[in-house]
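Heads up, the thing below is written out as structure tokens.
As the structure lists them, so they are numbered: ligands from 1, and atoms in each ligand from 1. Bear in mind that the values here come from a model prediction, so they are computed numbers and not experimental data.
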Amino acid sequence: MRDDFAVRLKRALGDDRVARDAPLAPFTTFKLGGTADWLVLAHRADDVRRALEIARDAGVPVTLLGGGSNVLVSDRGVRGVVIRVHGGDVRQLGVDRIRADAGVTINGLVRWTIAHGCAGLEMWAGTPGTVGGAIFGNAHFRGRLIGELVVQAELASERGEVLSVEAVLSADFRVGRGDAAALRAVARESLAYRKRTQPLESPSAGCIFQNPDPSRDRIPDGIPASAGALVDRAGLKGAREGAARVSMTHANFIVNEGGATATDVRRLIQRCKDGVRARFGVELREEIVFLGFDDGHTAN
Ligand SMILES: Cc1cc2nc3c(=O)[nH]c(=O)nc-3n(C[C@H](O)[C@H](O)[C@H](O)COP(=O)(O)OP(=O)(O)OC[C@H]3O[C@@H](n4cnc5c(N)ncnc54)[C@H](O)[C@@H]3O)c2cc1C
């Protein structure tokens, strides 16, 4: 069954787009983690659909990966097939609507909109990852959610005994008209803000924890409702496990200082959670997605 599965995948997508025991670290911004049993490189919605169908027929579990900028891949890797969705196009559907394939990077989308005088997405400049990943996690920046701009998303859903996957294939965004130079200025300001506030020189996966929600989390008076502030005030800024470190620039980032393992990162995450709970009674919830862990933090 499994051999047949690989043959079918290669026939559908091409030999060079299907790999066995493929290291995932290069496909993540953390630059760590183990291998995928199978890695499929999908560029377009059709590739994703076909790969999902073949995996479903063979009963092989599926994990979707976009830019790998919001995941921690376990040191033991990910069983089954990882479909990396990368590439595709943006097109104008009407004066106020554009469609982007899931594998388009957010930066590519922003460049496209600015070049075409479409306003709305420029402040998202500098957000790592793809349209699919941004929709999956509802990416946020300075109090805004990417979902505010999404009119519609095309999903592929596969339900079977072994797996349940929803893959984002494309998304439509609402846009206005804008002057390219003015849009570019907003994009530059976002990039400068990121440079000032995020440790962009080291591999990371962005914010590790969601910010606490004042409507369900009891945050002590005088402490901002920010996961980074809680980690910082719990005395964990700069804390280390192996080569993983809580960033000195932004305490909600963990950086890989070179050779960190997923185990190092998990330990550091646990220390942050324990420290914040002990000090402030607040339970931090992860924003990053754990892939390949067998403690319930598995893929989608
Ligand atoms: C330096 C840095 C800065 C960051 N800044 C921000 C920020 O300002 N705001 C913010 O919200 N995030 C930020 N992030 C996190 C990350 O960039 C976003 O969460 C991004 O949207 C993730 O997209 P991705 O394609 O990399 O997803 P991945 O990391 O590849 O995947 C994340 C999740 O989405 C799922 N997924 C990916 N593609 C698909 C698809 N096509 N269909 C279904 N599921 C899919 C994956 O299975 C996984 O569960 C930052 C990260 C870094 C490294």
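Remark: ligand 1 and A167 share no N or O pair separated by less than 3.5 Å (distance only, no angle test). Taking only nitrogen or oxygen atoms, main chain and side chain alike, F141 does not reach within less than 3.5 Å of ligand 1. Where the criterion is an N or O separation shorter than 3.5 Å, residue side chain and backbone included, G206 fails it with respect to ligand 1. Looking at ligand 1, you'll find an N or O of L64 within less than 3.5 Å of one of its N or O atoms. By the 3.5 Å distance cut-off applied to N or O atoms, T130 is counted among the residues near ligand 1. Among the atoms of N138, none of the N or O lies under 3.5 angstrom from an N or O of ligand 1. Where the criterion is an N or O separation shorter than 3.5 Å, residue side chain and backbone included, S69 meets it with respect to ligand 1.
The option with the heavy atom closest to atom 20 (C) of ligand 1, from among P199, S170, P128, C207, is P128. Considering only non-hydrogen atoms, atom 34 (O) of ligand 1 lies nearest to F136 out of F27, F136, F30. When the heavy-atom distances from atom 37 (C) of ligand 1 to G126, G66, A42 are ranked, the shortest goes to G66.
The closest approach between any non-hydrogen atom of T63 and ligand 1 is not below 4.0 Å. Residue contact annotation: G137 has no non-hydrogen atom under 4.0 Å from ligand 1. Look at E166 and you'll find a heavy atom under 4.0 Å from some atom of ligand 1.
For the side chain to side chain contact (heavy atoms under 4.5 Å, CB included) with L72, the qualifying choice from I254, T28, I288 is I288, the only one to do so. Here the options are R50, R49, R44, the test is side chain to side chain donor-acceptor pair (under 3.5 Å), and the partner is D46; only R49 passes.
Residue contacts with ligand 1, taken as heavy atom pairs separated by less than 4.0 Å, involve A205 solely via the backbone atoms N, CA, C and O. When heavy-atom distances to ligand 1 are checked against a 4.0 Å cut-off, I106 has no atom that comes that close, whether in backbone or side chain. With a heavy-atom cut-off of 4.0 Å, V289 touches ligand 1 through its side chain alone. Both the backbone and the side chain of A134 come within 4.0 Å of ligand 1, counting heavy atoms alone. With a 4.0 Å cut-off on non-hydrogen atoms, V168 touches ligand 1 through its backbone as well as its side chain.
To the nearest 0.5 Å, atom NE2 of residue H116 and atom CD1 of residue I98 are 9.5 Å apart. Interatomic distance, L64 CG to F136 CZ, rounded to the nearest 0.5 Å: 8.5 Å. Rounded to the nearest 0.5 angstrom, I83 CD1 and L65 CG are separated by 10.5 Å.
One side chain, T127 or R194, offers a donor N or O that lies under 3.5 Å from an acceptor on the other. Counted by atom type alone, Q92 and R97 present zero donor-acceptor pairs between their side chains at under 3.5 Å.
Using a 4.0 Å cut-off to heavy atoms of L200, the atoms of ligand 1 that qualify are 1 (C). For ligand 1, the atoms sitting less than 4.0 Å from at least one non-hydrogen atom of A102 are 41 (N), numbered in the order shown with element in parentheses. Residue-ligand proximity, G129 to ligand 1, at heavy-atom distances under 4.0 Å covers atoms 23 (O), 24 (P), 25 (O), 26 (O). Listed by number with element, the atoms of ligand 1 under 4.0 Å from a non-hydrogen atom of H140 are 7 (C), 8 (O), 9 (N), 10 (C), 11 (O). Using a 4.0 Å cut-off to heavy atoms of G67, the atoms of ligand 1 that qualify are 24 (P), 25 (O), 26 (O), 30 (O). Those atoms of ligand 1 with a heavy atom of V71 less than 4.0 angstrom away are 29 (O), 31 (O), 32 (C). Short contacts between ligand 1 and T29, defined as distances under 4.0 Å to a heavy atom of the residue, involve ligand atoms 53 (C). The contact set between ligand 1 and R194, taken as ligand atoms under 4.0 Å from a residue heavy atom, comprises 3 (C), 4 (C), 5 (N), 6 (C), 7 (C), 8 (O).
In this structure, D217 pairs ionically with R285, as a charged nitrogen and a carboxylate oxygen lie closer than 4.0 Å. Ion pairing between E283 and R216 fails under the 4.0 Å rule for side-chain N and carboxylate O. Between E201 and K195 there is no salt bridge, since no side-chain nitrogen of the basic residue lies less than 4.0 Å from a carboxylate oxygen of the acidic one. Ion pair D101/R91 flagged as a salt bridge, since at least one NZ, NE, NH1 or NH2 atom sits closer than 4.0 Å to an Asp/Glu carboxylate oxygen.
Aromatic ring orientation, F141 versus W124: tilted (interplanar angle from 30° to 60°).
V85 and V40 fall within the same hydrophobic cluster, where Ile, Leu, Val, Met, Phe, Trp and Tyr residues are linked whenever their side-chain heavy atoms come under 4.5 Å apart, directly or through other members.
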Determine, step by step, whether R177 and D96 satisfy the salt bridge (charged side-chain N to carboxylate O under 4.0 Å, His left out) criterion, reporting the C-alpha distance in whole Å, the side-chain angles of both residues, the deciding distance to 0.1 Å, and the verdict. CA-CA 8 Å; R177 294 304 304 160; D96 60 352; over 6 Å; no

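Considering only heavy atoms from C-beta on, M123 stays 4.5 Å or farther from L183 through its side chain.
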